[in-house]
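I have placed the structure first, in the form of structure tokens, so that the comments after it can refer back to it.
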Amino acid sequence: MAAPQLTESTVTVEGQTLFYRRAEPAQRAPKLSVLLLHGIRFSSDTWLQLRTLATLAENGYRAVAIDLPGLGRSKDAVAPAPVGQLAPGAFLKAVLEALCLGPAVVISPSLSGMYSLPFLFQHNQLLKAYVPVAPICTEKFTAEQYAQIKTPTLIVYGDQDTELGQASLNNLRHLPEHRVLVLQDAGHACYLDKPNEWHHELLGFLQQLE
């Protein structure tokens with residue numbers, strides 16, 4: 001198997017410079033684009049070290065991991081100030097457009113829920129699928145709002161994450177097109193604790209979207 005092409009660069013979004021890593025499948029057009037976000041203690045480097053970027057590319061997907069504003073190597077960028085629920089969702093839309101990803105699968109752990117959830121509700125036509133991993137901000141939307149969203153969703157959390165894992169599930173389960181992945185003996189950053197299971201289940205979910 002040819003090795004995936006791994007590159008790193010920056011992109012300007014709403015006047016801010018964001019760092020990102022991209023993995024492209026070798027010798028074939030990508031089946032889908034996957035955008036990987038991260039939690040507050042992490043960055044795109046997490047997905048590089050865990051081999052999520054490489055694993056996705058090896059299986060035919062374009063994978064892009066960004067460093068969110070103010071974090072990782074995007075430290076000089078400033079997080080968009082919320083105006084109601086508008087700014088973070090519009091920001092993520094601009095990220096997808098700047099990176100030319102088209103309708104993409106968005107993987108969103110923890111802190112990145114402040115971006116991905118407004119994006120889900122405002123621009124779900126740009127979402128091929130949604131993979132929330134115990135994200136914050138799920139309580140900001142009602143069961144009725146969730147019920148309107150038809151985006152295929154894989155809800156992921158670790159069974160040892162007794163706070164955000166369960167709380168996010170209680171809200172996200174109102175999404176009609178969802179399935180749940182509970183990683184056993186795994187904490188809040190459950191993909192770190194169970195990388196093999198994480199990759200196996202993620203790839204199975206993506207295959208159903210093709």
Side-chain angles (χ1 to χ4, degrees), residues 6-23 33-54 56 62-102 104-124 126-127 129-141 155-158 161 163-165 167-168 171-172 187-193 195 198 202:
L6 283 161
T7 58
E8 54 184 59
S9 188
T10 58
V11 64
T12 301
V13 177
E14 297 185 347
Q16 302 189 66
T17 301
L18 299 181
F19 176 82
Y20 70 93
R21 290 178 163 90
R22 180 188 293 256
S33 294
V34 181
L35 177 65
L36 294 123
L37 308 179
H38 61 84
I40 193 165
R41 293 183 293 114
F42 304 101
S43 69
S44 62
D45 188 60
T46 305
W47 303 118
L48 178 69
Q49 300 300 327
L50 198 65
R51 291 201 82 256
T52 302
L53 283 166
L56 288 168
R62 169 185 292 119
V64 178
I66 68 166
D67 287 1
L68 290 168
L71 299 170
R73 288 162 68 176
S74 299
K75 275 194 166 53
D76 294 333
V78 180
V83 181
Q85 290 296 328
L86 290 178
F91 175 78
L92 206 53
K93 176 177 182 285
V95 167
L96 282 174
E97 290 170 348
L99 293 169
C100 302
L101 293 184
V105 179
V106 172
I107 296 175
S108 177
S110 196
L111 170 91
S112 66
M114 68 175 282
Y115 295 95
S116 67
L117 282 158
F119 179 72
L120 174 71
F121 286 97
Q122 294 158 19
H123 305 291
N124 60 73
L126 298 176
L127 265 173
Y130 184 44
V131 185
V133 187
I136 66 170
C137 296
T138 60
E139 76 286 351
K140 294 183 181 295
F141 305 92
I155 301 169
V156 185
Y157 70 100
D161 183 6
E163 295 181 14
L164 259 178
S168 60
N171 295 309
L172 293 168
H188 181 53
C190 55
Y191 41 86
L192 294 181
D193 295 329
W198 158 248
L202 177 60

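Residue numbers count from 1 along this sequence.
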Rounded distance (nearest 0.5 Å) linking atom [atom1] of [X] with atom [atom2] of [Y]:
{"X": "Leu111", "Y": "Leu68", "atom1": "CG", "atom2": "CG", "result": "6.5 Å"}
{"X": "Leu101", "Y": "Leu96", "atom1": "CG", "atom2": "CG", "result": "5.5 Å"}
{"X": "Arg21", "Y": "Asp45", "atom1": "CZ", "atom2": "CG", "result": "4.5 Å"}
{"X": "Thr10", "Y": "Phe19", "atom1": "OG1", "atom2": "CZ", "result": "8.5 Å"}
{"X": "His188", "Y": "Asp193", "atom1": "NE2", "atom2": "CG", "result": "11.5 Å"}
{"X": "Gln49", "Y": "Ser43", "atom1": "CD", "atom2": "OG", "result": "9.0 Å"}

*For the student: nearest non-hydrogen atoms of Leu192 and Pro195, plus distance*: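 That would be O-CD, 3.5 Å.
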
- prompt: Distance-only, no hydrogens or angles: does the Ser74 side chain make a donor-acceptor pair with backbone N or O of Gly70 under 3.5 Å?
  reply: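 No, the answer is negative, given that no donor and acceptor are paired below the 3.5 Å cut-off.
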
task = Tell me, yes or no, whether the heavy-atom count around Leu6 atom CG, taken from other residues, nucleotides or ligands under 6.0 Å, exceeds 12.
result =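 Counting neighbours around CG of Leu6, more than 12 heavy atoms of other residues, nucleotides or ligands fall under 6.0 Å, so yes.
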
### Query
Would Trp47 and Tyr191 satisfy ring-ring contact (aromatic ring centres under 6.0 Å, His included), going step by step from the backbone distance to the final call?
CA-CA 10 Å; Trp47 303 118; Tyr191 41 86; 4.8 Å; yes

Determine, step by step, whether Tyr20 and Leu99 satisfy the side chain to side chain contact (heavy atoms under 4.5 Å, CB included) criterion, reporting the C-alpha distance in whole Å, the side-chain angles of both residues, the deciding distance to 0.1 Å, and the verdict. CA-CA 10 Å; Tyr20 70 93; Leu99 293 169; 3.7 Å; yes

Side chain to side chain contact (heavy atoms under 4.5 Å, CB included) evaluation trace for Leu35 with Val105:
CA-CA 6 Å; Leu35 177 65; Val105 179; over 6 Å; no

Below 4.5 Å, heavy atoms only, C-beta onward: do Ile107 and Tyr130 meet side chain to side chain?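 Contact flag for Ile107/Tyr130 side chains = no.
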
Q. Does the side chain of Tyr115 reach to within under 4.5 Å of the side chain of Val106, using non-hydrogen atoms?
A.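 No; the side chains remain at least 4.5 Å from each other.
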
Say whether [X] and [Y], considering side chains only, have a donor N or O and an acceptor N or O under 3.5 Å apart.
{"X": "Asn171", "Y": "Thr138", "answer": "yes"}
{"X": "Ser112", "Y": "His38", "answer": "no"}
{"X": "Arg62", "Y": "Ser33", "answer": "yes"}

Please test Ser44 against Ile66 for side chain to side chain contact (heavy atoms under 4.5 Å, CB included), starting from the C-alpha separation and ending with a verdict.
CA-CA 5 Å; Ser44 62; Ile66 68 166; over 6 Å; no

Next item on the list: For Phe119 and Leu126, run side chain to side chain contact (heavy atoms under 4.5 Å, CB included): C-alpha distance rounded to whole Å, both residues' side-chain angles, the deciding distance at 0.1 Å, then the answer.
Entry: CA-CA 9 Å; Phe119 179 72; Leu126 298 176; 3.8 Å; yes

